[in-house]
Amino acid sequence: KNEVEQSPQNLTAQEGEFITINCSYSVGISALHWLQQHPGGGIVSLFMLSSGKKKHGRLIATINIQEKHSSLHITASHPRDSAVYICAVHSGGGADGLTFGKGTHLIIQP
Amino acid sequence: DAGVIQSPRHEVTEMGQEVTLRCKPISGHDYLFWYRQTMMRGLELLIYFNNNVPIDDSGMPEDRFSAKMPNASFSTLKIQPSEPRDSAVYFCASSQGTDSANTGELFFGEGSRLTVL
């Protein structure tokens, strides 16, 4: 079973700071998801990637397949970015569910 | 599209009662997932379906839990009898598989918050 580790578990930063959240996994994967969960519970998919880098607005996600590592970056962070960010992986071999990290609780202070 | 629709949003019930959670996936999606989220364990996969067929139910905690998908637009997760340790938020998600693999983008419902007293 794939083990998914995220760091840091908690992060508090000031508005405008550059944020990096890391995700490592133990077994080769077919795809990795970054999810965002705001207080109150709804989960939104931010990125799905299997190689390289993706960018959407102020969010950037990268993945290094050889090192089994992915990062989520937030540029010019804003209080509305405060949320839990969850890394999840498909462990490959065709159809399967996801294995989730424990999440990173991010607070951006004005 | 309205997205993945779950009901009820909140349910409070007493131990021993039957609980039924419902999910309507996004039209055209061929994968449907049921997840459970607790403070202690985070998000966990319970079961998922492909084209209405259960593929992996190894995450279902025990026989008290059952899930069905009678057609492409509806799924239920049933707990009978419910216990306090079942208290959690239950999420349904759907995706459209790519080729033979389920690596499509996931779309989550708002979740059903279950409290068993």
Side-chain angles (χ1 to χ4, degrees), chain A residues 1-10 21 23 25 27-52 54 56 59 61 63 65 70 72 83-105, chain B residues 3-6 8-10 23 26 29-60 67 88-115:
Chain A
K1 183 182 175 185
N2 220 331
E3 301 292 330
V4 180
E5 298 288 336
Q6 285 187 238
S7 64
Q9 290 186 343
N10 297 282
I21 299 171
C23 175
Y25 49 91
V27 177
I29 63 170
S30 57
L32 181 145
H33 297 253
W34 281 103
L35 309 172
Q36 180 191 55
Q37 186 172 28
H38 278 106
I43 299 175
V44 175
S45 175
L46 298 175
F47 295 103
M48 185 189 69
L49 64 167
S50 55
S51 65
K54 287 190 175 180
H56 184 255
L59 301 177
I63 188 168
I65 296 297
S70 176
L72 176 68
V84 177
Y85 292 84
I86 303 168
C87 171
V89 301
H90 284 286
S91 297
D96 64 340
L98 292 174
T99 303
F100 294 89
K102 296 294 187 188
T104 295
H105 189 187
Chain B
V4 177
I5 300 173
Q6 289 187 246
R9 290 293 308 278
H10 302 272
C23 176
I26 291 174
H29 283 189
D30 52 351
Y31 284 88
L32 183 140
F33 303 82
W34 282 102
Y35 295 101
R36 178 172 68 175
Q37 186 178 40
T38 61
M39 288 292 291
M40 291 295 294
R41 300 171 69 93
L43 274 161
E44 300 173 288
L45 174 69
L46 298 177
I47 185 171
Y48 76 94
F49 297 82
N50 178 215
N51 292 320
N52 313 339
V53 176
I55 302 300
D56 183 357
D57 65 354
S58 59
M60 296 285 261
V89 181
Y90 292 81
F91 286 98
C92 176
S94 70
S95 70
Q96 188 164 24
T98 57
D99 299 323
S100 61
N102 170 35
T103 52
E105 184 180 359
L106 271 177
F107 294 83
F108 285 80
E110 292 292 311
S112 294
R113 183 176 295 276
L114 173 65
T115 302

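Each chain gets a letter, A, B and so on, in the order its sequence line appears, and its residues count up from 1.
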(request) Measure the CD-CG distance between B:E105 and A:L49 for me, rounded to the nearest 0.5 Å. (result) 11.5 Å
(request) Locate the shortest heavy-atom distance separating A:Q37 from B:F91; write the atom from each residue and the value. (result) NE2-CZ, 3.6 Å
(request) Below 4.5 Å from any heavy atom of chain A, which atoms of B:M40 appear? Answer side chain, backbone, both or neither. (result) backbone
(request) State, to 0.1 Å, how close A:H33 and B:L106 come at their nearest heavy-atom pair, and which atoms those are. (result) CE1-N, 4.0 Å
(request) For residues A:L98 and B:L43, determine if any side-chain heavy atom of one lies less than 4.5 Å from a side-chain heavy atom of the other. (result) no
(message) Nearest 0.5 Å, please: how far is OG in B:S95 from NE2 in A:H90?
(response) 6.5 Å
(request) Using the side-chain contact (heavy atoms from CB on, under 4.5 Å) rule, take A:I43 and B:Y35 through it: C-alpha gap first, then chi angles, then the decisive distance, then the call. (result) CA-CA 12 Å; A:I43 299 175; B:Y35 295 101; over 6 Å; no
